[in-house]
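Have a look at the structure below before the remarks.
Here is how names work: the chains are called A, B, and so on, in the same order as the sequence lines, proteins then strands, and each is numbered from 1.
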Amino acid sequence: MPELPEVETLCRQLKPLILHEQILCVEIRDCKLGSVGELVGKEVASVARHGKTLEITLDNDAKLLLHLRMTGRLQWQTGQQVLPPHTRFVMSFSTGKLLLIDPRRFATLTLTNNGICEALINDPLRDYRISRFWRLSRKKKLSVKSFLLDQRVIAGIGNIYACEILYEASIDPVRSACSVSRKELERIAAAGKNILNRAIACRGTTVSDWRDLFGREGEYQHELNVYNREGLPCPRCQGRIQRMCLSGRGTYFCPSCQK
DNA sequence: TATAATGTTAGACT
DNA sequence: AAGTCTAACATTAT
């Protein structure tokens, strides 16, 4: 479910609620998550996002890394309501409770002492270097879409935004990464920044079950050009949007203006 | 009932 | 050996 803009939305909403707050109680309700060590009594020193990972640093420098994978959601709850179905983890503060809800149970939670510097370097909204992006693309024969989805290349892009970025850059998703020219790759990088920033401003894309920390839908679904729009007219050339399967994922594109 | 779903990765295959 | 592809994870909704 959540890609970079969705995780960034959660990060921004969560920060003012839990920064410098003490963890009062932790409940793991799904043993598949494993144990996360001793968190009770620690204070939250920072809340950050790296790619699609949410990082909560504690006052002893330990880091709680949360990855929502496909259907993970975070919900903020104040008061005594019953927990929603599929609530897998609860962390309580004096200000309220943070719930992890995850029907498919793919989400992961890890406590670590070393950061995740790889994603720090490769986050497209930080000091991402086009030179590195270009260099990596030169030796890749796989599709440019799979290239964009490789979190070691860029951290944070998922299936929806990969489709949208390639549409905005007018690049055919099946082309091999190494066939993309420097100019075209610059177009992809620019489209990536535009789209991700715009999607953050919209608090993410709700096509099925994405909700923000307070249960609200995002707004970027109203600005999608190709994703989930098979058979509808392309906003640019009036051709029909097609759907195909690429590396196992639904891929939407306009065959007449993505070359 | 069959298929697809916004992610990642171990293991298989080139 | 390194690059690439596939199946699997677990559950719900169409």
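Taking 4.0 angstrom as the limit, A:H86 places none of its side-chain polar atoms (N or O) nearer than this to OP1 or OP2 of C:dA10. For A:R249, a side-chain nitrogen or oxygen approaches OP1 or OP2 of B:dG7 to under 4.0 Å. One finds no side-chain N or O of A:R69 lying less than 4.0 angstrom from the OP1 or OP2 phosphate oxygen of B:dT8.
Among the nucleotides C:dT4, B:dG7, B:dA5, the one closest to the side chain of A:H67 is B:dG7. Comparing C:dT4, C:dA10, B:dT8 against the side chain of A:K141 picks out C:dT4 as the nearest. Side-chain proximity of A:N159 to the nucleotides C:dT11, B:dA5, B:dG7 is greatest for B:dG7. Comparing atom distances between the A:L142 side chain and each of C:dA10, C:dC5, B:dG7 picks out C:dC5 as nearest.
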Report task. Please lay out, stage by stage, how A:D30 and A:R105 fare under the test salt bridge (Lys or Arg N to Asp or Glu O under 4.0 Å). Result -> CA-CA 8 Å; A:D30 178 1; A:R105 304 169 69 203; 3.0 Å; yes
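Between A:R88 and A:D102 no salt bridge is recorded (no basic side-chain N to carboxylate O distance below 4.0 Å).
Put simply, CG on A:L68 is 18 Å from P on C:dA10, counting in whole angstrom units. When the C1' atom of B:dG7 is taken as reference, atom NE2 of A:H50 falls 19 Å away, rounded to whole Å. Distance CG (A:D150) to P (B:dT9): 10 Å, rounded to an integer number of Å. In this structure, CG of A:L246 is placed 10 Å from P of C:dT6, rounded to the nearest angstrom. In this structure, A:L149 atom CG and B:dT9 atom P are separated by 13 Å, rounded to whole Å. Separating the NZ atom of A:K145 from the P atom of C:dC5 is a distance of 13 Å, rounded to the nearest angstrom. If you take CD of A:Q151 and P of B:dT9, they are 9 Å apart, rounded to a whole angstrom. Rounded to an integer number of Å, the gap from A:R105 CZ to C:dT12 C1' is 14 Å.
Using a 4.0 Å heavy-atom criterion, one finds that A:E6 contacts no nucleic acid atom at all. Across all strands shown, A:P103 has heavy atoms under 4.0 Å from sugar-phosphate atoms exclusively, and none from any base. A:R73 comes within contact range of no nucleotide atom at all, as no heavy-atom separation falls under 4.0 Å. Within 4.0 Å of A:D209, counting heavy atoms only, lies at least one base atom of the nucleic acid. A:G250 comes within contact range of the sugar-phosphate backbone alone, with a heavy-atom separation under 4.0 Å but no base atom that close. Residue contacts shown for A:G158 are limited to sugar-phosphate atoms, with no base heavy atom under 4.0 Å away.
Crowding of A:R126 atom CZ: a count of heavy atoms from other residues, nucleotides or ligands under 6.0 Å exceeding 12. Summarising the local packing, NZ of A:K32 is surrounded by more than 12 heavy atoms from other residues, nucleotides or ligands at distances under 6.0 Å.
Taking atom P in both C:dA1 and B:dT9, the straight-line distance is 23 Å, to the nearest Å. Across C:dT12 and B:dT8, the matching P atoms stand 22 Å from one another, rounded to whole Å.
With ring centers used as reference points, A:Y128 lies under 6.0 Å from A:F133.
You can call A:F106 stacked on the base of C:dC9; the centres are under 5.5 Å apart and the planes sit within 30°.
A cation-pi contact, defined as under 6.0 Å to the ring centre and within 45° of the axis, is absent between A:R132 and A:W134.
Atom OH of A:Y252 sits about 11.0 Å away from atom CD of A:E164, to the nearest 0.5 Å.
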With both pairing distances under 3.5 angstrom for Watson-Crick or G-U wobble, and | for a partner in another strand, the correct string for DNA chain B is .||||.||||||||
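Follow the hydrophobic side-chain contacts under 4.5 Å out from A:L33 and you never reach A:L83; the two are in separate clusters.
The base of C:dA10 lies close enough to the side chain of A:R104 for a donor and an acceptor atom to sit less than 3.5 Å apart.
Only one option out of A:K15, A:K52, A:R49 pairs with A:E8 in a salt bridge (Lys or Arg N to Asp or Glu O under 4.0 Å); it is A:R49.
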